[in-house]
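Along the sequence shown, the residues carry numbers beginning at 1. Since the model is a prediction, treat every value here as computed from it, not as a measurement.
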Amino acid sequence: MEELREKMHKAINLYGLLDPRTICISIELDKLISKEQKKYERKFN
């Protein structure tokens with residue numbers, strides 16, 4: 001997850017926030033975060 005976050009920050013610096021490459025990385029990171037959150041929800045419910 002940390003690698004993807006770093007990749008996103010680099011893309012923001014290189015291409016900007018609204019560039020499709022940055023958005024694509026952001027979506028990947030969102031999916032990964034969501035997946036991890038679901039693991040924790042199952043663990044504590």
- Item | Separation between CG of Leu32 and CD of Gln37, rounded to the nearest 0.5 Å |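 Nearest 0.5 Å value for the CG-CD distance: 10.5 Å.
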
- Who are the side-chain hydrogen bond (donor to acceptor under 3.5 Å, both in side chains) partners of Lys39, not counting sequence neighbours? Glu36

With a cut-off of 3.5 Å and sequence neighbours excluded, list every side-chain donor-acceptor pair involving residues 3-25.
| residue | atom | partner | partner atom | Å |
| --- | --- | --- | --- | --- |
| Arg5 | NH1 | Glu2 | OE1 | 2.9 |
| Asn13 | ND2 | His9 | O | 3.3 |
| Asp19 | OD1 | Arg21 | NH2 | 3.1 |
| Asp19 | OD2 | Arg21 | N | 2.9 |
| Asp19 | OD2 | Arg21 | NE | 2.8 |
| Thr22 | OG1 | Ala11 | O | 3.4 |
| Thr22 | OG1 | Gly16 | O | 2.9 |

